[in-house]
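Comments concern the structure below.
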Amino acid sequence: MVVSFYLAEKSKGVYKTSRGVEIGMSKAKFIELLGEKHAYEFENGEPYYMYDIVNKEYLKLEDLKSAERGYLENIYVSSISGDADENIDAILIYDRRSLLYTD
């Protein structure tokens, strides 16, 4: 099973994550809600988090180096993209396994 969710402008005011992240909020608030301790940044500077749904804990990049391919479906990534004003314009939540099946 592959899981991938993408929320954009049409979800503003309709949907939010279980932690309260929603379209239009600041990137700083996203980091505040999920915690700075576990935040990573993509090369483009956008923040993301990795969460192990089986062990119910945030992961470090080092944790993935020895992970087996099948384990990736247990790791969910929460990330955002922001506009010029540093407000969230897209929310992405996906399992790491979904990356194996996208171009």
Side-chain angles (χ1 to χ4, degrees):
M1 176 172 71
V2 173
V3 175
S4 181
F5 296 97
Y6 177 84
L7 300 174
E9 188 64 32
K10 289 183 179 181
S11 70
K12 186 175 184 175
V14 179
Y15 296 105
K16 63 173 76 173
T17 71
S18 62
R19 294 274 182 123
V21 178
E22 59 187 328
I23 299 296
M25 78 172 21
S26 71
K27 285 186 190 182
K29 185 67 176 176
F30 171 71
I31 293 171
E32 178 186 320
L33 289 172
L34 274 74
E36 191 169 329
K37 177 181 177 182
H38 304 288
Y40 290 96
E41 285 189 2
F42 289 114
E43 290 178 12
N44 65 3
E46 298 292 4
Y48 72 95
Y49 296 83
M50 296 181 297
Y51 188 77
D52 180 334
I53 62 169
V54 173
N55 297 311
K56 300 187 183 336
E57 63 185 3
Y58 285 98
L59 299 174
K60 300 174 188 161
L61 289 175
E62 305 85 58
D63 296 332
L64 296 182
K65 291 180 182 174
S66 61
E68 294 182 21
R69 190 174 190 151
Y71 176 69
L72 296 178
E73 66 190 44
N74 298 328
I75 300 170
Y76 282 70
V77 177
S78 298
S79 66
I80 59 166
S81 65
D83 60 20
D85 295 324
E86 296 290 307
N87 294 315
I88 298 172
D89 61 7
I91 301 169
L92 296 89
I93 302 170
Y94 53 92
D95 66 14
R96 297 274 308 187
R97 188 173 184 216
S98 68
L99 296 178
L100 301 173
Y101 299 100
T102 58
D103 293 339

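Source: prediction; values computed, not measured. Throughout, residue positions are numbered sequentially from 1 according to the sequence presented.
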Problem set entry | Contacts of type ring-ring contact (aromatic ring centres under 6.0 Å, His included), residue F42, not counting sequence neighbours | Y48

For this session: Could you list all the salt bridge (Lys or Arg N to Asp or Glu O under 4.0 Å) pairs where at least one residue sits in residues 43-58, not counting sequence neighbours?
Result: K27-E46

Seminar exercise, completed: Value for CZ (R19) from CG (L33), rounded to nearest 0.5 Å, stands at 8.5 Å

For this session: Would you list the pairs meeting salt bridge (Lys or Arg N to Asp or Glu O under 4.0 Å) in which at least one residue belongs to residues 5-14, sequence neighbours left out?
Result: none

Exercise. Where do S26 and N87 come nearest, in terms of heavy atoms and distance?
Worked result: CA-OD1, 3.6 Å

Exercise. With E32, which residues qualify under salt bridge (Lys or Arg N to Asp or Glu O under 4.0 Å), at least two apart?
Worked result: K29

For this session: Write out all pairs satisfying ring-ring contact (aromatic ring centres under 6.0 Å, His included) with one or both partners inside residues 3-28, taking only residues at least two apart or from two chains.
Result: none

For this session: Taking the side chain as every heavy atom from C-beta outward, state whether L92 and V77 have any pair of such atoms under 4.5 Å apart.
Result: no

Problem set entry | Distance in Å, K60 NZ paired with M50 CE, rounded so as to fall on 0.5 Å steps | 10.5 Å

Exercise. Could you go step by step and tell me if F30 and Y49 meet the ring pair (Phe, Tyr, Trp, His ring centres under 6.0 Å) rule?
Worked result: CA-CA 11 Å; F30 171 71; Y49 296 83; 5.5 Å; yes

Problem set entry | Note, S78 side chain near L34 side chain (heavy atom, < 4.5 Å) | yes

For this session: List for me each residue that meets side-chain hydrogen bond (donor to acceptor under 3.5 Å, both in side chains) alongside Y51, sequence neighbours excluded, and say none if there are none.
Result: none

Problem set entry | Partners passing salt bridge (Lys or Arg N to Asp or Glu O under 4.0 Å) against E36 (at least two apart in sequence or in another chain) | none

Seminar exercise, completed: Taken in chain and number order and not counting sequence neighbours, the residues that satisfy side-chain hydrogen bond (donor to acceptor under 3.5 Å, both in side chains) with S11 are none

For this session: Looking only at non-hydrogen atoms, find the nearest pair between L7 and I23 and report the distance.
Result: O-CD1, 3.6 Å

